[in-house]
2 protein chains.
Amino acid sequence: MEKEITIYDIAKQLNISPATVSRALNDHPAINNTTKSLIASTAREMGYRINPFASSLRKKRTNTLGVIVPRLNSYFMSTVLAGMEKEANEASYNLIISQSMESFKKEITNARTMFDSRVDGLLVSLAFDTEDLEHFEPFLKRNIPLLFFDRVMSHNQATSIIIDNVRAGYEVTSHLISQGSQRIMHITGSLKRNVYADRLKGYQQALSEAGIAYDDSLVKVTDLGMDTGQWVVQQIQEMPLPPDGLFVANDFCAVSCMSALKRAGYAVPQDVAVAGFNNDPLSQVVEPNLTTIHYPGYEMGEIAVKSLISHLNGVSTSHATNTIILRSELIVRESSLRLSSK
Amino acid sequence: MEKEITIYDIAKQLNISPATVSRALNDHPAINNTTKSLIASTAREMGYRINPFASSLRKKRTNTLGVIVPRLNSYFMSTVLAGMEKEANEASYNLIISQSMESFKKEITNARTMFDSRVDGLLVSLAFDTEDLEHFEPFLKRNIPLLFFDRVMSHNQATSIIIDNVRAGYEVTSHLISQGSQRIMHITGSLKRNVYADRLKGYQQALSEAGIAYDDSLVKVTDLGMDTGQWVVQQIQEMPLPPDGLFVANDFCAVSCMSALKRAGYAVPQDVAVAGFNNDPLSQVVEPNLTTIHYPGYEMGEIAVKSLISHLNGVSTSHATNTIILRSELIVRESSLRLSSK
DNA sequence: CTGTTAGCGCATTCAC
DNA sequence: GTGAATGCGCTAACAG
């Protein structure tokens, strides 16, 4: 069992004061460069590592960011987190990650834990059924910056990072229309969440622009889970006039729908064109390949952390609340191609 | 900006000593129950929250566990993490999670970060190409318990939690044989990793037991990525005698193979029976549903953390190294059913 | 059962 | 450019 080296040990070794060691290690400008590098090298030799707790206690900041996400099990989310981790590491911040499991209640618990852990900042993507932002008030009261990404809710003291979901929804729908679909069904998640509400808006815009009447009964709010495909096909079979297009709010569920459709004897895309959302690798692994929206997850993670940290280092306490909108992109694949040759 | 309440504030308020407050808050046995609850309630009223850094600095433990995983983007991994998080929360531990992105190098960096963060214990699932365990030595030298799960490497000072991959591989292969497959191809990942090496062993056992000669050229080591399916089919098309069964080491890649097979005109399961591994929800969302192995991820996460924490609280420094083997289960679905009626 | 005292390791005044 | 002194908030002796 090795002993921990402290700045005192280094100081003694070099016959200088601990204060100088501390300053040198923190690259303080008022320290001679030669002594700086001397201290750095002996620190390395002696196997010194900073004690983050002593440092945090003293500085009253933890160099830790909290992240609350609905779930980790999607390509999208893990990509976002990879981006966050990269930026955090570079700025020597740690990340504490937790999953709300799409539950408002768990999200509240998670927020509480993050608060008690005294994170310097909090990054959140909201759960399906989150109703309000009260559980984040303690952070704002203590001036701990709060940032929402992807699943956001507008708040006058928090930054949001999103893509233009209205536009993306519009693009998908327009594309389906351009491929000859006239009755497009939209399978989505909780409309409490901007991502779903906005995609729906885009869907409606595209219909209206094409002169297609909006039909409420073609929009289905689901949990986007693995049974949704089967349920959707059941609905379709009960319809007097079945749809000829399907816009599903994520790729996994879109695949579930495609699969159920094929099992029920519908041809994709001939009978029904299908499009998903997120550009999960899954979309290129199913037959037919899935038309979808590319979502810049890694970039979103990077920017989120970068923005939060710059806020932490920021000059003012002015909560410059802004919304950052990233660029998404329609990716056309076979599942929606009904016109061009295969 | 509110002021932080400390135990001194509570002590002053109640005219008692800070030590008593500290003891009461930590549920020390030698404190009167009435004063305990009095302290607890005023602490709540005053909005007290413990300062984990002061506490960590004093106690020389952080109540934080590190987790290094290859990737977060699978149902399996996020389930494991959910189980870990639950147990950690209950024992009031925090989790720091990082992804190695299947890279040995990144795993080393991650380990270093965890070490510098002074985690009390470390949970690891190894990257594809990890060669040795040297980067974990610093932990062992400092008596920080190390636990491997799923992707493990035997080490005389670390506990491992796994399923019986040999058996699972055997079960899958035997099942395929029982459905009439004679030439079974096995698509797997790096054989440096126990999970893949063991599944291969099980595969070989089953063949041998059925009196089928083992054919090296039917085993393909890949990255199990999204292009693997296409590549595999290409290989198949070049074979004089194509396989009639496919055992793929994870579900995502199995789906990629099924899809490529169908695109190339093979019927699943009639021409080729397919089986995957992990029981990802994906397996029930593709057509045909995928035969697979159910893997108790949540349970594995729970047990991993429970075991590590009990080690931390353990009486001795004796590194009682053990291997815990969890039960997996074959799940038969359409993709492999060639005999029974559909 | 409760109080007194001291120190965990660091960063920051204030000196010089 | 460097050193001495102090305290961040908590817990663990040691007393009583």
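In this text the structure is predicted, and so the values were computed from the model without any measurement. By convention in this document, chain letters (A, B, ...) are assigned in the order of the sequence lines, proteins followed by strands, and residues within each chain are numbered from 1.
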Within the distance-only criterion (no hydrogens, no angle test), does the side chain of B/Q99 pair as donor or acceptor with the backbone N or O of A/S78 below 3.5 angstrom? yes

Using atom CD1 of B/I7 as one end and atom C1' of C/dT5 as the other, report the distance to the nearest whole Å. 13 Å

Figure out the NE2/P separation between A/H28 and C/dA11, and round it to whole Å. 12 Å

Want to settle it: does B/S22 or A/N33 sit nearer the 5' end of DNA chain D, counting the closest nucleotide to each? A/N33

Do A/N94 and B/S117 pair up side chain to side chain, a donor and an acceptor below 3.5 Å, judged on atom types alone? yes

Evaluate ring pair (Phe, Tyr, Trp, His ring centres under 6.0 Å) for A/F148 paired with A/F136, printing each intermediate quantity in order. CA-CA 11 Å; A/F148 295 104; A/F136 299 121; 5.7 Å; yes

Report the distance from atom CD1 of A/I31 to atom P of C/dT12, rounded to the nearest whole Å. 13 Å

Pairing of A/K36 and A/D27 as salt bridge, 4.0 angstrom limit: yes

Reckon A/N26 has a side-chain N or O less than 4.0 Å from the OP1 or OP2 of C/dA11? yes

Would you indicate, yes or no, if C/dA11 has its OP1 or OP2 atom less than 4.0 angstrom from a side-chain nitrogen or oxygen of A/S55? yes

Report which part of the nucleic acid B/Y8 touches: base, sugar-phosphate, or nothing (heavy-atom distance under 4.0 Å, all strands). base

Is the side chain of B/T35 donor-acceptor paired with the backbone N or O of B/I31 at a distance under 3.5 Å, no angle test? no

When the distance from CZ of A/F53 to C1' of C/dC10 is rounded to whole Å, what number comes out? 13 Å

Return the 5'-most residue of the pair B/A30, B/R58 with respect to DNA chain C, ranking by each residue's nearest nucleotide. B/A30

Are A/N322 and A/T159 close enough that a side-chain donor and a side-chain acceptor fall under 3.5 Å? yes

Take the protein atom NZ of B/K60 and the nucleotide atom C1' of C/dC8, then report the distance between them rounded to whole Å. 6 Å

For A/E4, run the salt bridge (charged side-chain N to carboxylate O under 4.0 Å, His left out) check against B/K141, B/R118, B/K60 and tell me which one passes. B/R118

Main-chain N/O of A/A54 paired with A/N51 side-chain donor or acceptor, under 3.5 Å: yes

Nucleotide interval of DNA chain D bounded by contacts with chain A (heavy-atom cut-off, under 4.0 Å): D/dG1 to D/dG9

Checking the side chain of B/T20 only, and the main-chain atoms of B/I16 only, is there a donor and an acceptor separated by less than 3.5 Å? no

Protein N or O to nucleotides 13-15 of chain C N or O, pairs below 3.5 Å:
residue, atom, partner, partner atom, Å
C/dT13, O4, A/R23, NH1, 3.4

Contact class for B/L57 (heavy atom, under 4.0 Å): base, sugar-phosphate, or nothing? base

Protein-nucleotide distance (A/R49, atom CZ; C/dC8, atom P), rounded to Å: 17 Å

Does A/T35 reach a base, just sugar-phosphate, or nothing at all? Heavy atoms under 4.0 Å. sugar-phosphate

